[in-house]
Number of protein chains: 2
Amino acid sequence: MRDARDTKDQILDAAERLFAAEGFGATSLRRILGDVGLNPAAIHYHFGGKDEMVEALFERRLGPLNAERMRRFDALETRAGAAPTVASIVDAFISPALAPAARGEEGERFLRFVGRYLQESGEAASARLRRTFEPVIRRFVDLLARALPELRGEALAWRVHFLVGAMFHSMTCREHVSWLCGGVPSVSLERAREELIAFASAGLSAPALHAAELRS
Amino acid sequence: MRDARDTKDQILDAAERLFAAEGFGATSLRRILGDVGLNPAAIHYHFGGKDEMVEALFERRLGPLNAERMRRFDALETRAGAAPTVASIVDAFISPALAPAARGEEGERFLRFVGRYLQESGEAASARLRRTFEPVIRRFVDLLARALPELRGEALAWRVHFLVGAMFHSMTCREHVSWLCGGVPSVSLERAREELIAFASAGLSAPALHAAELRS
DNA sequence: GTCTATATCCTGATAGAC
DNA sequence: GTCTATCAGGATATAGAC
């Protein structure tokens with residue numbers, strides 16, 4: 001009746017939009033396929049199930065995104081002479097995700113979805129995300145470890161974890177920022193990208209904690 | 001058959017445990033009430049519905065938690081002479097939530113649940129959380145604004161938003177930290193609290209961004 | 001006052017129509 | 001190859017048993 005390629009993309013578009021808006025668990029196949037004008041069960045022909053559709057959603061966007069991050073990491077490492085700054089490493093990790101989000105609806109939708117999925121999902125999803133992200137995260141952590149030699153394993157891990165949390169939260173609960181700053185109706189995602197780089201770089205660069213400095 | 005007070009608390013305990021472990025949308029009343037040995041529909045007698053039960057869950061813990069934050073803010077403001085440091089303000093906001101979590105399962109469970117709920121939920125839940133948190137967040141932002149006079153409205157709002165995101169993410173996806181730092185089996189939540197205070201204080205204190213300093 | 005039997009709707013998935 | 005009719009079970013909620 002219509003081209004399968006188009007149909008698949010239409011389904012993924014609708015799914016991404018609804019997952020971002022309502023959450024993963026709250027969005028039924030019925031709703032998604034209804035938006036495309038198909039029977040709920042069509043999902044099984046095109047993808048195999050709800051979980052497999054999520055996998056397709058990830059692959060469609062995460063491949064290019066993580067490839068871009070790797071390219072930027074490469075560029076930082078091969079730049080002769082200057083060792084990369086913490087801010088430039090953070091920029092290479094954050095901007096491929098947040099710059100498209102700042103440019104338009106589509107990029108933002110995907111990040112909102114990933115953020116929600118990350119929180120909602122159980123072990124299986126966690127493992128899936130880990131498989132996808134591990135190479136790029138490990139590279140990121142290695143670069144940071146060289147730029148911040150005083151930061152030991154667990155400290156660096158927590159701080160990277162905070163950065164990731166801040167990044168996703170910035171997308172998924174963006175509306176909170178409007179009332180946080182006293183009712184500015186529309187906040188800028190480009191601004192968020194810049195502030196996050198500044199915030200996270202400074203946070204990562206904070207002095208390492210030693211037993212003696214711990215506060216109550 | 002048994003005391004209603006006990007039953008209510010048993011239901012809330014089971015709900016909190018399951019919400020934290022599996023997520024809000026993924027946890028059915030069937031499952032929760034089954035753990036307590038009751039029919040799923042008993043929820044309607046005790047609370048009125050799933051949403052009202054969530055409200056009760058929040059009230060049980062958030063009241064004391066936010067009251068403690070307010071007490072700490074008061075203590076900072078009335079301390080004669082010294083204006084409070086950024087780190088001490090951040091500590092007053094974070095520690096009442098994270099110190100109980102570090103001390104035991106129960107405190108951690110609640111934070112995991114709130115973090116997941118915050119991400120999963122739509123407008124209604126967002127509004128509910130806003131009503132509960134607005135006074136304490138506004139106080140927090142005001143204190144920070146005085147300690148960081150160079151940080152204007154939207155910049156401060158984004159950075160506080162990052163802090164909140166980092167805080168919840170640190171709880172909800174804690175297992176990720178283990179592999180981030182190369183497989184340390186058990187990471188310390190007390191360590192997370194200390195690192196988060198250092199990370200967020202430094203991030204908030206990063207120089208304000210002006211148009212001229214923006215990077216690609 | 002405390003809880004259960006039951007109803008209704010909605011979920012994702014199997015099997016089969018075109 | 002593409003999609004739909006239908007299914008079995010799970011979701012919350014109403015009405016009523018004890």
Side-chain angles (χ1 to χ4, degrees), chain A residues 1-58 60 113 116-117 119-125 128, chain B residues 1-58 60 113 116-117 119-125 128:
Chain A
M1 188 178 274
R2 51 179 147 183
D3 184 39
R5 183 81 233 132
D6 280 354
T7 304
K8 270 188 162 168
D9 270 330
Q10 278 181 277
I11 294 172
L12 291 181
D13 287 342
E16 198 171 83
R17 185 160 22 85
L18 287 165
F19 286 156
E22 325 251 344
F24 178 70
T27 304
S28 63
L29 298 179
R30 210 173 204 79
R31 185 80 196 287
I32 298 167
L33 277 287
D35 272 22
V36 184
L38 289 176
N39 184 289
I43 202 86
H44 292 98
Y45 167 67
H46 287 287
F47 299 99
K50 200 181 186 184
D51 283 350
E52 287 84 349
M53 186 191 58
V54 168
E55 198 99 39
L57 257 178
F58 280 136
R60 188 170 69 149
F113 157 61
R116 300 194 106 148
Y117 188 72
Q119 299 292 349
E120 271 188 58
S121 51
E123 300 257 328
R128 185 202 330 281
Chain B
M1 187 179 274
R2 52 176 146 184
D3 184 37
R5 182 80 235 135
D6 279 356
T7 305
K8 270 187 162 170
D9 270 331
Q10 276 181 279
I11 294 173
L12 291 180
D13 287 343
E16 199 171 85
R17 185 160 23 83
L18 286 165
F19 286 156
E22 325 250 345
F24 179 69
T27 304
S28 62
L29 298 180
R30 212 177 202 79
R31 185 80 196 286
I32 297 166
L33 277 289
D35 272 21
V36 185
L38 289 176
N39 184 288
I43 202 86
H44 291 98
Y45 168 68
H46 286 287
F47 299 100
K50 199 182 186 184
D51 283 350
E52 289 85 350
M53 186 192 58
V54 169
E55 198 99 38
L57 257 178
F58 280 135
R60 188 170 70 149
F113 156 60
R116 298 194 107 148
Y117 188 72
Q119 299 290 351
E120 270 189 57
S121 53
E123 299 258 327
R128 187 202 329 283

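A, B, ... follow the sequence lines: proteins, then strands. Residue 1 opens every chain. Computation of the quantities below employed the complete heavy-atom set of this structure, encompassing side-chain atoms and omitting hydrogens, waters and symmetry-equivalent molecules.
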Distance in Å, B:L38 CG paired with B:H46 NE2, rounded so as to fall on 0.5 Å steps = 6.0 Å
request  = Kindly compute the distance separating CG (A:D6) from CD1 (A:I11), expressed to the nearest 0.5 Å.
outcome  = 11.0 Å
What is the distance, to the nearest angstrom, from the [atom1] atom on [X] to the [atom2] atom on [N]?
{"X": "B:L33", "N": "D:dG10", "atom1": "CG", "atom2": "P", "value": "16 Å"}
{"X": "B:I32", "N": "D:dG10", "atom1": "CD1", "atom2": "P", "value": "16 Å"}
{"X": "A:R31", "N": "C:dG12", "atom1": "CZ", "atom2": "P", "value": "12 Å"}
{"X": "B:Q10", "N": "C:dC3", "atom1": "CD", "atom2": "C1'", "value": "14 Å"}
{"X": "A:I11", "N": "C:dG12", "atom1": "CD1", "atom2": "P", "value": "14 Å"}
{"X": "B:L38", "N": "D:dT12", "atom1": "CG", "atom2": "C1'", "value": "16 Å"}
{"X": "A:N39", "N": "D:dA5", "atom1": "CG", "atom2": "C1'", "value": "7 Å"}

query = Taking for each residue the nucleotide of DNA chain C bearing the nearest heavy atom, is the 5' side occupied by B:I43 or by A:K50?
reply = B:I43
Taking the side chain of [X] as its heavy atoms from C-beta onward, which of [options] lies nearest to it?
{"X": "B:L29", "options": "D:dT12, C:dT14, D:dT4", "value": "D:dT12"}
{"X": "A:H44", "options": "C:dT14, C:dC3, C:dA5", "value": "C:dT14"}
{"X": "A:T7", "options": "D:dC3, C:dC3, D:dA13", "value": "D:dC3"}

Just N and O in the side chain of [X]: are any of them under 4.0 Å from OP1 or OP2 of [N]?
{"X": "A:R30", "N": "C:dT11", "result": "yes"}
{"X": "A:Y45", "N": "D:dC3", "result": "no"}
{"X": "A:S28", "N": "C:dC10", "result": "no"}
{"X": "A:H46", "N": "D:dC3", "result": "yes"}

ask   = Are any of the side-chain heavy atoms of B:D13 and B:R60 separated by less than 4.5 Å?
value = yes
request  = Applying side-chain hydrogen bond (donor to acceptor under 3.5 Å, both in side chains), name anything that partners B:E52, two or more places apart in sequence or on another chain.
outcome  = none
task = Output all residues satisfying ring-ring contact (aromatic ring centres under 6.0 Å, His included) with A:F58, sequence neighbours left out; order by chain, then residue number.
result = A:F113, A:Y117
